[in-house]
Amino acid sequence: MPELPEVETVRRGLEARVVGRRIERVEVGRERTVRRTSRQAVIDGLTGTTVTAAARRGKYLVCALDSGDAVMIHLRMTGKLLLAPAGTPRPPHSHVVMTLDGEELRFVDPRTFGEIVVFDPDRADIEVPELARLGPDPVVDGLTSAVLRARLAGRSRPLKAWLLDQQRVAGLGNIYTDEVLHAARLRFDRPAGTLDARRIRAMRQAIDDVLAAAIAAGGSTLTDNQYVGLSGEPGRYQYQHRVYGRAGAPCPRCRKATIVRVPFAGRSTFFCPRCQR
DNA sequence: AAACAAACCTGTGCGC
DNA sequence: TGCGCACAGGTTTGTT
């Protein structure tokens with residue numbers, strides 16, 4: 001579910017409302033959420049610590065603790081972090097609950113693909129190896145045309161597959177790749193290595209513009225309401241989607257063709273067959 | 001290197 | 001109303 005803009009919205013919520021606070025108590029219901037280590041490792045690693053920073057890389061949240069450890073949280077498809085007054089009813093699938101001075105930070109995740117792991121940053125390469133493998137994050141690291149060009153060179157994969165690969169660029173998922181490719185006027189199935197300098201610049205600009213607008217709008221909340229921010233507030237970027245979920249609608253740029261939905265890489269892809277090449 | 005399918009789970013929406 | 005199927009924002013793993 002959540003891609004870079006949604007995770008960034010959650011990160012900002014954590015920074016504003018959780019950083020600086022002490023985790024008094026930790027409850028782990030479903031052990032699957034903490035499968036990387038164990039229920040006890042996560043309870044022991046979090047209890048009594050104060051959250052000192054909230055960072056993000058791609059779709060990964062990484063919070064620093066005053067113990068020297070860090071906690072990685074990945075929401076995957078249906079994970080949510082919700083901050084609510086202690087004592088209020090917990091939503092179904094509240095697998096991990098952290099109590100902080102009258103409030104509860106709840107990790108809610110119906111499909112249980114998400115996970116939480118407390119790790120030693122000095123051993124990050126072993127304990128969360130995927131973090132080190134992530135490509136540049138367009139917001140955290142910035143992304144230049146030169147970097148894009150170097151990484152795209154010689155690649156035969158379709159552009160969309162390339163953009164979805166977190167080891168190439170970190171943070172884009174199914175919604176935002178489609179939005180970026182439409183903004184850059186590029187077809188999803190064009191081989192990644194065939195972009196000339198002008199198209200590379202267009203794609204870089206599109207990545208920046210789409211992500212900035214989406215973050216400013218608090219991310220995208222689709223009709224199933226799966227994604228909401230820390231306080232349960234929905235995002236608003238779905239109202240600005242130009243192609244995602246809009247099959248059959250006229251293309252908002254050329255207004256002549258109709259947005260098409262095709263299966264690609266096992267999921268839906270939306271694009272304008274007229275203005276994306 | 002890259003394409004594809006399957007796996008991990010649960011919920012929802014749709015056609016019949 | 002009820003049933004069965006398709007599908008869903010992500011990532012890893014195994015197979016061609």
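Since we're looking at a predicted model, the values are computed, not measured. Lettering of chains follows the sequences in order, A, B, ..., and the numbering in each one begins at 1.
- In summary, the side chains of A/S268 and A/R261 do present a donor paired with an acceptor at a separation below 3.5 Å, with no hydrogens or angles considered.
- The existence of a salt bridge linking A/R22 and A/D66 is excluded, since no basic side-chain nitrogen approaches an acidic carboxylate oxygen closer than 4.0 Å.
- What separates CG of A/L222 from C1' of B/dG13 is a distance of 14 Å, to the nearest Å.
- Residues passing the salt bridge (Lys or Arg N to Asp or Glu O under 4.0 Å) test with A/R190, sequence neighbours excluded: none.
- Between A/R261 atom CZ and C/dC7 atom C1' the separation is 8 Å, expressed in whole Å.
- Atoms CG (A/L152) and P (B/dA2) sit 11 Å apart, rounded to a whole Å.
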_Check against side chain to side chain donor-acceptor pair (under 3.5 Å), A/E6 and A/Y176_ = CA-CA 11 Å; A/E6 291 76 33; A/Y176 295 104; 2.6 Å; yes
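- Residue A/H93 places none of its side-chain N or O atoms closer than 4.0 Å to OP1 or OP2 of B/dC9.
- Pairs of Watson-Crick or G-U wobble type, with distances under 3.5 Å, assemble into runs of 3 or more in DNA chain C at these ranges: B:2-8 with C:10-16, B:10-16 with C:2-8.
- Atom P of B/dG11 sits at a distance of 22 Å from the matching atom of C/dT11, rounded to the whole Å.
- Distance noted for atom P between B/dC9 and C/dC3: 25 Å (whole Å).
- Taking the C1' atom of each, B/dT10 and C/dT1 are spaced 22 Å apart, rounded to whole Å.
- As rounded to whole Å, 11 Å separates atom C1' of C/dT11 from atom CZ of A/R133.
- Atom pair A/H95:NE2 and B/dC9:P shows a separation of 11 Å (rounding to whole Å applied).
- A salt bridge does not link A/R12 to A/E15: none of the charged side-chain nitrogens sits closer than 4.0 Å to a carboxylate oxygen.
- If you find the closest nucleotide of DNA chain B to A/A265 and to A/R32, the one lying nearer the 5' end belongs to A/A265.
- As a whole-Å value, the separation of A/L131 CG from C/dG10 C1' is 15 Å.
- Looking only at distances, a side-chain donor or acceptor of A/Q238 sits under 3.5 Å from a matching main-chain atom of A/T221.
- Note on A/D120 versus A/R123: no salt bridge recorded, every NZ/NE/NH1/NH2 to OD/OE distance being 4.0 Å or above.
- Partners of A/R199 by salt bridge (Lys or Arg N to Asp or Glu O under 4.0 Å), not counting sequence neighbours, listed by chain and number: A/D196.
- What separates NZ of A/K59 from C1' of C/dT11 is a distance of 8 Å, to the nearest Å.
- Applying the 4.0 Å criterion to OP1 and OP2 of C/dG10, one finds that A/H74 has every side-chain N and O outside that range.
- Backbone-only engagement by A/R30 is indicated by non-hydrogen atom pairs under 4.0 Å involving sugar-phosphate atoms exclusively.
- The stretch residues 155-168 of chain A touches DNA chain B through A/R155, A/S156, A/R157, A/P158, each having a heavy atom within less than 4.0 Å of the strand.
- A straight line from CZ of A/R76 to P of C/dG10 spans 11 Å, rounded to a whole angstrom.
- Within the 3.5 Å criterion, the main-chain N or O of A/S94 finds no donor-acceptor partner in the side chain of A/R106.
- If you check every strand for non-hydrogen atoms under 4.0 Å, A/F264 touches nothing.
- Against DNA chain C, the stretch residues 109-120 of chain A makes heavy-atom approaches under 4.0 Å through A/R111, A/F113.
- Partners of A/A124 under the side-chain contact (heavy atoms from CB on, under 4.5 Å) rule, at least two apart in sequence or in another chain, are A/F119, A/V128.
- The pair A/D109-A/R30 fails the salt-bridge criterion, with no side-chain N (NZ, NE, NH1 or NH2) lying under 4.0 Å from an Asp/Glu carboxylate O.
- Between the CZ atom of A/R17 and the CG atom of A/L105 there is a distance of 9.5 Å, given to the nearest 0.5 Å.
- Atom name C1', nucleotides B/dC8 and C/dG4: the rounded distance is 22 Å, in whole Å.
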